[in-house]
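In what follows, chains are A, B, ... by sequence order, proteins preceding strands, each numbered from 1. Since we're looking at a predicted model, the values are computed, not measured. Excluded from the calculations below are hydrogen atoms, water molecules and symmetry mates; all remaining heavy atoms, backbone and side chain alike, are included.
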There are 2 protein chains.
Amino acid sequence: MGRKRTKPGKIRLTEVAELAGVSPITASRFFRNPEALSLTKRVRVESAAKELGYVPNLAARALASQRTEVIGVLIPSLTNNVFSDVLRGIYDAVDGSRYSVQLANTRYSILQEEKLLRLFLAQKPAGLIVTGIDQTPESRSIMESVDCPIVQLMETGPDPVDMMIGFSHSDACRAAISHLFAQGCRRIGFLGARMDPRVQRRFDGYVAIMKEASLYDPRLVVTTPLPTSVTLGGALLADLLTKAPDTDAVFCANDDLALGVLFECRRRHISVPEQMAISGFNDLEFMASAVPTLTSVRTNRYEMGRDAATMVIEAIEGRRPEQRVVDLGFTVMERQSSMRRT
Amino acid sequence: MGRKRTKPGKIRLTEVAELAGVSPITASRFFRNPEALSLTKRVRVESAAKELGYVPNLAARALASQRTEVIGVLIPSLTNNVFSDVLRGIYDAVDGSRYSVQLANTRYSILQEEKLLRLFLAQKPAGLIVTGIDQTPESRSIMESVDCPIVQLMETGPDPVDMMIGFSHSDACRAAISHLFAQGCRRIGFLGARMDPRVQRRFDGYVAIMKEASLYDPRLVVTTPLPTSVTLGGALLADLLTKAPDTDAVFCANDDLALGVLFECRRRHISVPEQMAISGFNDLEFMASAVPTLTSVRTNRYEMGRDAATMVIEAIEGRRPEQRVVDLGFTVMERQSSMRRT
DNA sequence: ACCACTATTGACAGCGCTACCAAGCGATTG
DNA sequence: CAATCGCTTGGTAGCGCTGTCAATAGTGGT
């Protein structure tokens, strides 16, 4: 004999089936596809399960069925407010479904992402949500050869692996710069920290529109690979003003930087927006209540997470969405920090 | 016969064992306890596994061993910066170990927490990290009857279920109020949002020290069950000034509120700290770079998460920590927003 | 040389559940 | 009235791994 037998107190599917007077396989079906049972058996199994307090053993289920009910989520950071909003959306959509979330943090490394991807896929997740469209070629081909639904998050672009939900960072940045143009700003600086692919694309949008207006000047650009922070926003503005003292506006690649810029302007007695217009990006909650209120680009982060999870779940259950690529758009929230003409 | 046989391409432990020329059980031991093997077999199994690209099937392992390598984490919110720092600590400590994190969000509901706890424990996690010390009696007895290590996070208190790591919110609040006393403040308001148990204990500390100084006045207290935000900080200050126009300082139960108060003071041309001293709580990054810089109580959130996860892992592996209750303390970061006498 | 003892290794029998196939059954059809 | 169909139900045989125990090999003491 192998080992000591199962602890007698343990409720297995067999016990439920016995109490309900059906075969184990029928009881099993009840939990996976109740409609397949006749009404009488369905009721009997249900009450038996409730009476015994049965909880399915997920490990056994996964082993026998070669599938799990786990949705893997790969995000680059847990700290960034942007991702916590996205995550909240994902968890809200997944809670209440039969699925659960397995979260992993790539720390902005696509090599780490590739590693985690392999790890996830070895456990046969039901679905996958990944951040961005800049996977390694290996990651890409791993994802393409896998048979679970995948959503790429945060950006839109050509050539989705499977599904995609996000918006155009480049266009969003262009819209913010256009707004600054309309306010009469010409020497518009670009501040960026942690140049991840999303920030890079915002930067591309900035360069393009500035060049189109023949206003591009490399001295107006200050970026750093350091992680973003409010303090850093102040430091980057200081750099910018050293390189280009005639700067009349700054586009900050995220809102933390914008807040830091606002504080730095106060410190230096630079009036906002008269001497310096400011635009942030993401429209975090505090932007609307700063003094002056801060212009930003609203992105639909919560919705992005929620809809991504919903798309994955629908696809798992065989209901593929009509459109594989969803653009959630953005809105330039024009506020005091950039309103020169009113 | 039951079903179609395993897809031939699939690498199982058996294949690894075969290639290495050992029995499957020996190969199995290699992955769980390499030291138990002789050097030769260890090397042979290792290279065989690498050559075949073997990845263990966790479902099978969990089923056979009746254990998992999952650490369940229950937190009340994904949005709050405080928890994202804690989570980052947890993930940092768990990444690189054999364990993985299963995260669930209680949404500040202890009933939800109880439900999730049952769900987790049914899957036999290797360890558990829960937030706070205010579980329902049922949750409490469930946790006590379970045999995996458990860490309670965020607070210290008597009577841990198992282990505990945090600090005294009441003492931390008292320390901040003492500092405001030392600066000559007497009419010190308390602003609180989302009155979760931690905030409640900060409030208890406030009431106690104010009463000791015979300065307690209910008109100085403004709280709301609404979730916290910067905007809300401004609104709460407005309420406070209506009820108690002679307020000369505010203690904000978190930093978002403090930032909102700062902005509201600017809006109303109330000078900080001369007319109004401000203290926040948690010491988020932006506090040090606001203008004026904002006083806050630094809490060691990242360390809390990291150490909690480390304690759980150590305990799982049989190395119980000497002290079951760890107090990580706090530091009042005295900054411009409260420095009246310099 | 013999024995107790430890360090390695292997055989066996499941862990709890589900995929696959087939059988039972009443209803429908030619 | 037999053949057919669709729906429900059950039997069988694993899914890939590990706990338990026994067997074997190696060690040093007397």
Side-chain angles (χ1 to χ4, degrees), chain A residues 1-45 48-49 52-69 98 122-124 126, chain B residues 1-45 48-49 52-69 98 122-124 126:
Chain A
M1 63 220 49
R3 67 190 58 187
K4 73 160 176 286
R5 305 199 73 82
T6 310
K7 181 184 341 164
K10 192 67 157 303
I11 308 300
R12 302 193 315 278
L13 192 53
T14 318
E15 273 80 73
V16 175
E18 223 160 80
L19 180 62
V22 300
S23 72
I25 187 65
T26 301
S28 167
R29 268 193 278 263
F30 169 78
F31 293 101
R32 291 175 290 143
N33 182 17
E35 287 74 33
L37 302 200
S38 64
L39 188 61
T40 42
K41 307 238 167 179
R42 198 183 315 171
V43 172
R44 290 230 300 274
V45 176
L52 296 172
Y54 172 69
V55 182
N57 180 322
L58 299 188
R61 176 179 290 176
L63 180 59
S65 69
Q66 303 280 60
R67 297 181 285 98
T68 63
E69 289 175 345
R98 61 200 300 184
Q123 309 313 324
K124 300 190 191 279
Chain B
M1 60 214 43
R3 68 188 61 187
K4 74 162 179 284
R5 304 200 72 84
T6 310
K7 183 180 345 166
K10 192 66 158 303
I11 308 300
R12 302 193 315 278
L13 192 53
T14 318
E15 273 79 72
V16 175
E18 224 159 80
L19 180 62
V22 300
S23 72
I25 188 66
T26 300
S28 166
R29 268 192 279 262
F30 168 78
F31 293 100
R32 291 175 290 146
N33 182 19
E35 286 75 34
L37 302 200
S38 64
L39 188 61
T40 42
K41 309 239 166 179
R42 201 183 315 172
V43 172
R44 289 230 301 275
V45 175
L52 296 173
Y54 172 70
V55 182
N57 180 322
L58 299 187
R61 176 179 290 176
L63 180 60
S65 67
Q66 303 279 60
R67 299 181 285 97
T68 63
E69 288 176 347
R98 62 200 300 185
Q123 310 312 325
K124 300 189 189 282

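Scored by the salt bridge (Lys or Arg N to Asp or Glu O under 4.0 Å) test, B/R67 finds no partners at all (sequence neighbours excluded). With sequence neighbours excluded, no residue satisfies side chain to side chain donor-acceptor pair (under 3.5 Å) with A/T68. The side chain to side chain donor-acceptor pair (under 3.5 Å) check on A/T14 picks up nothing, with sequence neighbours excluded. The side chain to side chain contact (heavy atoms under 4.5 Å, CB included) test applied to B/A17 returns B/V22, B/P24, B/A27, not counting sequence neighbours.
For A/R61 and C/dC15, the CZ to P distance is 18 Å, given to the nearest whole Å. Separating the CD atom of B/Q66 from the P atom of D/dG19 is a distance of 10 Å, rounded to the nearest angstrom. Taking atom CD1 of residue B/I11 and atom P of nucleotide D/dC17, one finds them 11 Å apart after rounding to whole Å. Distance B/L52 CG to D/dG16 C1': 15 Å, rounded to the nearest Å. When rounded to the nearest whole Å, the span between NZ of B/K124 and P of D/dT18 equals 17 Å. For B/L63 and D/dT18, the CG to P distance is 11 Å, given to the nearest whole Å. Between A/E15 atom CD and C/dC17 atom C1' there is a gap of 13 Å when expressed in whole angstrom units. In this structure, the NZ atom of B/K41 is 9 Å from the C1' atom of C/dG10, given to the nearest Å.
Phosphate proximity of D/dG16 to B/Y54: absent, as no side-chain N or O sits under 4.0 Å from OP1 or OP2.
When all heavy atoms are compared, the tightest approach of B/R12 to B/E15 is N-OE1, 2.7 Å. Between A/V16 and A/I11 the shortest heavy-atom distance is CG2-CG2, 4.1 Å.
For the side-chain hydrogen bond (donor to acceptor under 3.5 Å, both in side chains) condition, no pair includes a residue of residues 53-63 of chain B, sequence neighbours left out. Listed by first then second residue, pairs satisfying salt bridge (charged side-chain N to carboxylate O under 4.0 Å, His left out) with a partner in residues 17-40 of chain A number zero, not counting sequence neighbours.
Within residues 23-34 of chain A, the residues approached by DNA chain C to less than 4.0 Å at the level of any non-hydrogen atom are A/I25, A/S28, A/R32, in residue-number order.
If you check D/dG19, D/dT9, D/dC17 against the side chain of A/S38, the one that comes closest is D/dT9. For A/A64, the listed nucleotide lying nearest its side chain is C/dC17; candidates were C/dC17, C/dC15, C/dG10. The nucleotide whose nearest atom lies closest to any side-chain atom of B/L37 is, among D/dT9, C/dT9, C/dC17, C/dT9. When the nucleotides D/dG10, D/dG19, D/dG16 are ranked by their closest atom to the side chain of B/N57, D/dG16 comes out on top.
The structure places CZ of B/R44 at 5.5 Å from NZ of B/K41, a figure rounded to the nearest 0.5 Å.
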Please list, pair by pair, any protein nitrogen or oxygen found under 3.5 Å from a nitrogen or oxygen in nucleotides 5-7 of chain D.
none

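Residue-level contact check: A/R42 touches neither bases nor backbone, having no heavy atom under 4.0 Å from any strand.
Axis angle across the helix from C/dA1-D/dT30 to C/dG30-D/dC1, with five pairs used at each end and values rounded to 10°: 40°.
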